[in-house]
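These figures come from a predicted structure and were not determined experimentally.
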Amino acid sequence: NSVIVRTNIYGFHKPIGNSLFEWAYGNIKNGNNINGFNDVFFNPVYTKQLAIGIQKISPTDFSGVINIGCEENISKYELLIKFAKVFNIDNRLIKPVSVDNGILEAKRPKNTTLDLKKMKKVLGISFSLDSGVNELYLDYSSLIGG
């Protein structure tokens, strides 16, 4: 009688922390080159969208495992480029690299894209990557006063 939500998220912390977005944004704003994996794919959801999904589950009698993500499958590199474009910062500082060339503490899968059929059927919702990134822009801009 429980719910397990599987997801990949993006967002930011209050106070500002070191999420994928915050790391990328801070480095690019400071003129630093960053690497983005062009061979690691996922369908991330903005944390606010995830909260909406969880709110939709709460009043139901659903139990089991459910995936919550956005409709689009995207590489981490492409997501960083999308962040830069929406935030109007220089995306030329983002360099595409293979995860195979990265120095990571643990080996990671190249595809963590989640099947969203159950989310659509049980919750009757879907999330767009573009709307999530645009909402991230509005929320983050209001937090930092920009």
Side-chain angles (χ1 to χ4, degrees), residues 1-32 34-97 99 102 104-106 108-146:
N1 254 358
S2 60
V3 176
I4 297 169
V5 175
R6 297 178 67 236
T7 191
N8 288 301
I9 60 170
Y10 61 91
F12 61 91
H13 300 91
K14 291 181 186 180
I16 302 302
N18 198 30
S19 67
L20 173 64
F21 163 73
E22 292 161 307
W23 166 81
Y25 181 82
N27 274 291
I28 294 169
K29 287 294 278 186
N30 289 325
N32 300 324
I34 63 170
N35 294 329
F37 297 134
N38 61 358
D39 55 355
V40 174
F41 296 89
F42 65 149
N43 54 341
V45 64
Y46 178 39
T47 52
K48 197 181 237 183
Q49 292 171 314
L50 174 61
I52 291 167
I54 292 170
Q55 283 178 326
K56 287 219 174 249
I57 295 170
S58 296
T60 71
D61 60 357
F62 174 81
S63 65
V65 178
I66 192 164
N67 298 332
I68 297 180
C70 75
E71 289 297 315
E72 298 83 5
N73 180 19
I74 191 168
S75 74
K76 293 205 174 185
Y77 169 75
E78 292 167 321
L79 180 62
L80 295 175
I81 293 292
K82 189 173 287 284
F83 288 157
K85 286 182 180 177
V86 169
F87 280 79
N88 197 29
I89 53 179
D90 190 358
N91 66 13
R92 294 174 297 174
L93 295 172
I94 305 168
K95 307 301 179 195
V97 299
V99 70
L104 300 174
E105 290 182 28
R108 304 209 176 135
K110 288 190 175 183
N111 190 341
T112 58
T113 304
L114 300 169
D115 182 341
L116 304 177
K117 289 182 196 119
K118 191 183 292 182
M119 178 185 83
K120 292 178 200 170
K121 181 179 177 185
V122 172
L123 305 179
I125 57 174
S126 66
F127 296 113
S128 157
L129 181 65
D130 286 340
S131 66
V133 173
N134 288 332
E135 194 157 3
L136 168 73
Y137 172 79
L138 295 173
D139 292 342
Y140 192 75
S141 296
S142 70
L143 176 70
I144 63 170

Review point. Can you check whether N67 reaches K118 side chain to side chain, under 4.5 Å on heavy atoms?
Key: no
Exercise for review: Drop me the distance from L80's CG to S75's OG, to the nearest 0.5 angstrom.
Suggested key: 8.0 Å
Point to revise | Identified side chain to side chain contact (heavy atoms under 4.5 Å, CB included) partner of I66 from the options T7, V122, L116 | key: V122
Review point. Between N43 and C70, is there a donor-acceptor pair closer than 3.5 Å when you use the side chain of the first and the backbone of the second?
Key: yes
Check your understanding: Atom CG in N134, atom CG in D130: separation rounded to 0.5 Å?
Key -> 6.5 Å
Practice item. Could you tell me whether Y25 and F12 have their ring centroids closer than 6.0 angstrom? Key: no
Exercise for review: Would you verify whether the NZ or CZ of K76 falls within 45 degrees of the ring axis of F42 while also being under 6.0 Å from that six-membered ring's centre?
Suggested key: yes
Check your understanding: Mind checking whether F83 and F87 have ring centres under 6.0 Å apart?
Key -> no
Practice item. Measure across L123 and K56 and return the closest heavy-atom pair with its distance rounded to 0.1 Å. Key: O-CD, 3.8 Å
Check your understanding: Quick one: NZ on K29 to CG on D90, what's the gap to the nearest 0.5 Å?
Key -> 11.0 Å
Review point. Which atom names give the shortest non-hydrogen contact between L79 and P44, and what distance separates them?
Key: CD2-CG, 4.1 Å
Point to revise | Residue pair E72, K82: steps toward the salt bridge (Lys or Arg N to Asp or Glu O under 4.0 Å) verdict | key: CA-CA 12 Å; E72 298 83 5; K82 189 173 287 284; over 6 Å; no
Check your understanding: For N88, does the CG atom sit with more than 12 other heavy atoms under 6.0 Å from it, leaving out its own atoms?
Key -> no
Revision key, fill the gap. Closest heavy-atom pair, L143 versus H13, reported as atoms and distance to 0.1 Å, is CD2-O, 4.1 Å
Review point. Where the side chain of Y10 meets the backbone of V133, is there a donor-acceptor pair that is under 3.5 Å apart?
Key: yes
Point to revise | Reported CG-to-CG distance for the pair N35 and L93, which is rounded to 0.5 angstrom | key: 11.5 Å
Study note, to complete from the structure: On a heavy-atom basis, the closest approach of L136 and F21 is CD2-CD1, 3.8 Å
**Study point:** Check: N30 side chain, N32 main-chain N or O, donor-acceptor pair, under 3.5 Å
**Key:** no
Review point. What is the distance from atom CD1 of I144 to atom CD1 of I16, rounded to the nearest 0.5 Å?
Key: 7.0 Å
Review point. Under 4.5 Å between any side-chain heavy atoms of N8 and L114, yes or no?
Key: yes
Exercise for review: Would you please say whether a donor-acceptor pair under 3.5 Å links the side chains of Y46 and D139?
Suggested key: yes
Check your understanding: So which of I52, L129, I9 actually passes side chain to side chain contact (heavy atoms under 4.5 Å, CB included) with V45?
Key -> I9
Practice item. Report yes or no: do Q55 and S58 form a side-chain donor-acceptor pair below 3.5 Å? Key: no
Check your understanding: Any idea which heavy atoms bring E71 and S126 closest together, and the distance?
Key -> OE2-CB, 3.2 Å
Review point. Can you tell if the side chain of I57 reaches within under 4.5 Å of the side chain of I68, non-hydrogen atoms only?
Key: yes
Review point. Of the non-hydrogen atoms in M119 and I125, which two are nearest, and what is the gap between them?
Key: CE-O, 3.6 Å
Review point. Rounded to the nearest 0.5 Å, how far does CG of D39 lie from CZ of F41?
Key: 7.0 Å
Practice item. Apply side-chain contact (heavy atoms from CB on, under 4.5 Å) to the pair R108 and V40, showing each step before the final yes or no. Key: CA-CA 9 Å; R108 304 209 176 135; V40 174; over 6 Å; no
Check your understanding: Does any non-hydrogen side-chain atom of K95 lie less than 4.5 Å from one of I34?
Key -> no
Exercise for review: Ignoring hydrogens and angles, tell me if any N or O in the side chain of E135 forms a donor-acceptor pair with the backbone of Q49 under 3.5 Å.
Suggested key: no
Point to revise | Residue pair F37 / K110, side-chain heavy-atom distance below 4.5 Å | key: no
Check your understanding: Under 3.5 Å, is there a donor-acceptor pair between the N111 and T113 side chains?
Key -> yes
